[in-house]
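Structure first, then comments.
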Amino acid sequence: MTAKAPMNLRRLLIGSAVFRLALILYGEWQDAHMEVRYTDVDYLVFSDAASLMASGSSPYKRTTYRYSPLLAFLLLPNSVLHRSWGKFIFSASDLLVGYFIYKILKQRKVAEDLCLYSVMVWLLNPFTFTIGTRGNCEPIVCAMILWILICLMNGKIIQAAVWYGLVVHFRIYPIIYSLPIILVLNPRYIQLGNGMEASTRYNLWTAAKSMFSKERVLFGLVSGGIFFLCTGLFFHLYQWEFLNEALLYHLTRADPRHNFSVYFYHIYLQYGRQLSLVEKLISFLPQSIVQLVLISTFAQDLPFCFFLQTVAFVAFNKVITAQYFVWFFCLLPLILPWSDMKLKWEGLGCVGLWMGAQLHWLLWGYLLEFKGQNVFLQLWMASLVFLLANASVMAVFIRLQRFSPIFLQIKVSDSKSGVKSQ
């Protein structure tokens, strides 16, 4: 059984790689012969930005490029080797996510068959295998987040901090994971890998000191240092153009175009009027409240906490596009082994509810976009339905999930009696 396990995973990865290669080649054909392109429009933006960087110009001369210059740097070979270079990078990251899912679950002692089924949830998901082959960069972010989890599980705090600072610079949304990470870096928790050793005595003084433990301070200083180092470097190179487009834009973004967010209709009605900074930031309030509740309740089960945080963050965001869904799709396989959800009833029910709410929204979006009908109010109501669908699915997952912390807690009876392992 042990000898066959790597082969099974290898075959799954090789088959997935061949399939993704075929999709990239097909995409080249479709782009050349059909009116509707296979390639994501964002990929054209990335490629243009990389071309500008290769010529010595600022990537931000390409309108709508609102990412870190690191992304344009990764795609420099687009101009030299082949225009599909970036798709291969993104698809390779997609495969890496599958491998990391397997690695995390095996370290958490999940059975081999269940590990492979969980990997299939990612690798064979139509949404995930098209997003990389169409030229979307999100698989890179997903791979970095899973690698951070692996580093934390093995007690490699500095390495986790380096990658965390980098991923927050690359794509700002993973900042929401900072608080649960800090909470689990606690001397009262023994890591399941080659982690930190807990002290043998624990009293009020050590409890106070643990708030600013060596691990927490180290993670904060290193991750913050990497983030500000990257940000400072690119600010030096591209000045305020970089800061406004890559960072500040995402904090105050107000998109009047229709999207899944419940905020789009208000933004559309206010379009043309200069919104105050308070109005632009007020939408973060419900988002922040939900995040704090989830973190305070589920932080010790870090993958499950990440999953719930991401679903809630996307559901309450000011702008929601389909590519955001991949942010939590990569975390879903990490929590399934501890779910009591039955596929026949709760599982299919959640999928049906979530997909049905999307299709309902897309119907009104089609009437607005392609038929020119004035259905803004109906579309906004469909956005409310989609928000409720996300909340309902989260509630089902919470109700059926078995709490499974990735660290072992140290139970303390009093300051003199030492500690007990849970």
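Fair warning: this is a prediction, and the values are worked out from it, not measured in the lab.
- When every heavy atom of Gly86 is checked against every heavy atom of Asn78, the shortest pair comes out as N-OD1, 3.1 Å.
- What you find for Val162 and Ile226 is that their closest heavy atoms are O-CG2, 3.7 Å.
- Between atom CG of residue Leu353 and atom CD of residue Gln358 there is a gap of 10.5 Å, rounded to the nearest 0.5 Å.
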Applying side-chain contact (heavy atoms from CB on, under 4.5 Å) to Ile176 and Ile295, what does each step give before you reach the verdict? CA-CA 10 Å; Ile176 65 176; Ile295 291 168; over 6 Å; no

Asn154 and Gln107: side chain to side chain donor-acceptor pair (under 3.5 Å), yes or no, with the steps? CA-CA 9 Å; Asn154 288 283; Gln107 186 164 345; 3.1 Å; yes

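- Here the side chains of Arg108 and Pro303 are in contact, with some heavy-atom distance below 4.5 Å.
- Checked by atom type, the side-chain pair Ser404/Asp301 shows no donor-acceptor distance below 3.5 Å.
- Put simply, the side chain of Arg216 gets close to the backbone of Leu183: a donor and an acceptor are under 3.5 Å apart.
- Taking the six-membered ring where the residue is Trp, Phe90 and Phe46 present perpendicular rings, their angle passing 60° and hence far from 30°.
- In this structure a side-chain-to-backbone donor-acceptor pair under 3.5 Å is present from Trp85 to Leu74.
- Trp354 places none of its side-chain heavy atoms less than 4.5 Å from the side chain of Cys350.
- Relative orientation of the Phe260 and Phe386 rings is tilted, given thresholds of 30° and 60° on the angle between their planes.
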Verify side-chain contact (heavy atoms from CB on, under 4.5 Å) between Asp42 and Gln323, making sure each step is shown before the conclusion. CA-CA 11 Å; Asp42 284 345; Gln323 72 185 54; 3.3 Å; yes

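- Inspection of the Gln401 and Trp338 side chains reveals no N or O donor paired with an N or O acceptor under 3.5 Å.
- Heavy-atom contacts from other residues, nucleotides or ligands closer than 6.0 Å to CE of Met381 number 12 or fewer.
- In this structure, a donor-acceptor pair under 3.5 Å is absent between the side chains of Ser383 and Tyr263.
- Contact check for Phe376 versus Trp364: no side-chain heavy atoms found under the 4.5 Å cut-off.
- Judged by distance alone, with hydrogens and angles left aside, the side-chain atoms of Thr128 form no donor-acceptor pair with the main-chain N or O of Leu123 at under 3.5 Å.
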Could you give me the CA-CA distance, side-chain angles and deciding distance for Tyr102 and Glu112, then say whether side chain to side chain donor-acceptor pair (under 3.5 Å) is met? CA-CA 9 Å; Tyr102 179 85; Glu112 177 68 19; 2.9 Å; yes

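- Put simply, the side chain of Ser118 reaches to within 4.5 Å of the side chain of Pro337, judged on heavy atoms.
- Taking CD of Gln378 as the start and CG of Leu363 as the end, the distance is 10.5 Å to the nearest 0.5 Å.
- Here Asp94 contributes atom CG and Thr133 contributes atom OG1; the two are 8.0 Å apart, rounded to the nearest 0.5 Å.
- The nearest pair of heavy atoms linking Trp122 to Val97 is CE2-CG1, 3.5 Å.
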Before you tell me yes or no, could you show the steps for Val314 and Tyr173 under side-chain contact (heavy atoms from CB on, under 4.5 Å), namely the whole-Å CA-CA distance, both residues' side-chain angles and the distance that decides it to 0.1 Å? CA-CA 10 Å; Val314 171; Tyr173 87 88; over 6 Å; no

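- If you take CG on Asn8 and CG on Asp113, they are separated by 8.0 Å, rounding to the nearest 0.5 Å.
- The backbone N or O of Val262 lies less than 3.5 Å from a partner atom in the side chain of Trp380, making a donor-acceptor pair.
- Side-chain rings of Phe304 and Phe397 stay apart, their centers remaining 6.0 Å or farther from each other.
- By the 6.0 Å and 45° rule, Lys371 does not stack over the aromatic ring of Tyr366.
- Within a 6.0 Å sphere centred on OH of Tyr117, heavy atoms belonging to other residues, nucleotides or ligands number 12 at most.
- Inter-residue side-chain proximity for Asn317 and Ser261 is flagged as unmet; no heavy-atom pair is nearer than 4.5 Å.
- Using a 30° and 60° split on the angle between ring planes, Phe313 and Trp327 fall in the tilted class, from 30° to 60°.
- Relative ring orientation between Phe325 and Phe329 is described as tilted, the plane-to-plane angle lying within the 30° to 60° band.
- Aromatic pair Trp240/Phe235: ring centres closer than 6.0 Å.
- Side-chain contact of Thr310 with Tyr177: a donor-acceptor pair under 3.5 Å is present, judged by distance alone.
- Aromatic ring pairs are classed by plane angle as parallel below 30°, tilted from 30° to 60° and perpendicular above 60°; the pair Tyr60 and Tyr238 is perpendicular.
- Within the 4.5 Å cutoff, the side chain of Ile145 has no heavy atoms near those of the Trp163 side chain.
- A search for side chain to side chain donor-acceptor pair (under 3.5 Å) contacts involving Gln309 returns Gln291, not counting sequence neighbours.
- Nearest heavy-atom pair across Val119 and Gly98 is CG2-O, 3.6 Å.
- At most 12 non-hydrogen atoms from other residues, nucleotides or ligands lie less than 6.0 angstrom from CD1 of Ile158.
- To the nearest 0.5 Å, atom CD1 of residue Ile101 and atom CG of residue Leu116 are 11.5 Å apart.
- The two residues Ser68 and Phe234 come nearest to each other via the heavy atoms OG-CE1, 4.2 Å.
- Contact of the Tyr67 side chain with the Val45 side chain is not registered, since no non-hydrogen atoms from C-beta on lie closer than 4.5 Å.
- Proximity of Tyr164 to Met144: side-chain heavy atoms (C-beta onward) are nowhere separated by under 4.5 Å.
- Considering every non-hydrogen atom in both Met394 and Leu308, the closest pair reads CE-O, 3.8 Å.
- For the atom pair CZ (Phe227) and OG (Ser178), the distance works out to 11.5 Å, reported to the nearest 0.5 Å.
- Note on Arg399 versus Glu346: no salt bridge recorded, every NZ/NE/NH1/NH2 to OD/OE distance being 4.0 Å or above.
- A side-chain donor-acceptor contact under 3.5 Å links Arg134 to the backbone of Tyr38.
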Test log, rule side-chain contact (heavy atoms from CB on, under 4.5 Å), inputs Ile181 and Phe306: CA-CA 10 Å; Ile181 291 176; Phe306 279 11; 3.8 Å; yes

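- The pair Lys61-Glu241 does not count as a salt bridge, with every side-chain nitrogen at least 4.0 angstrom from each carboxylate oxygen.
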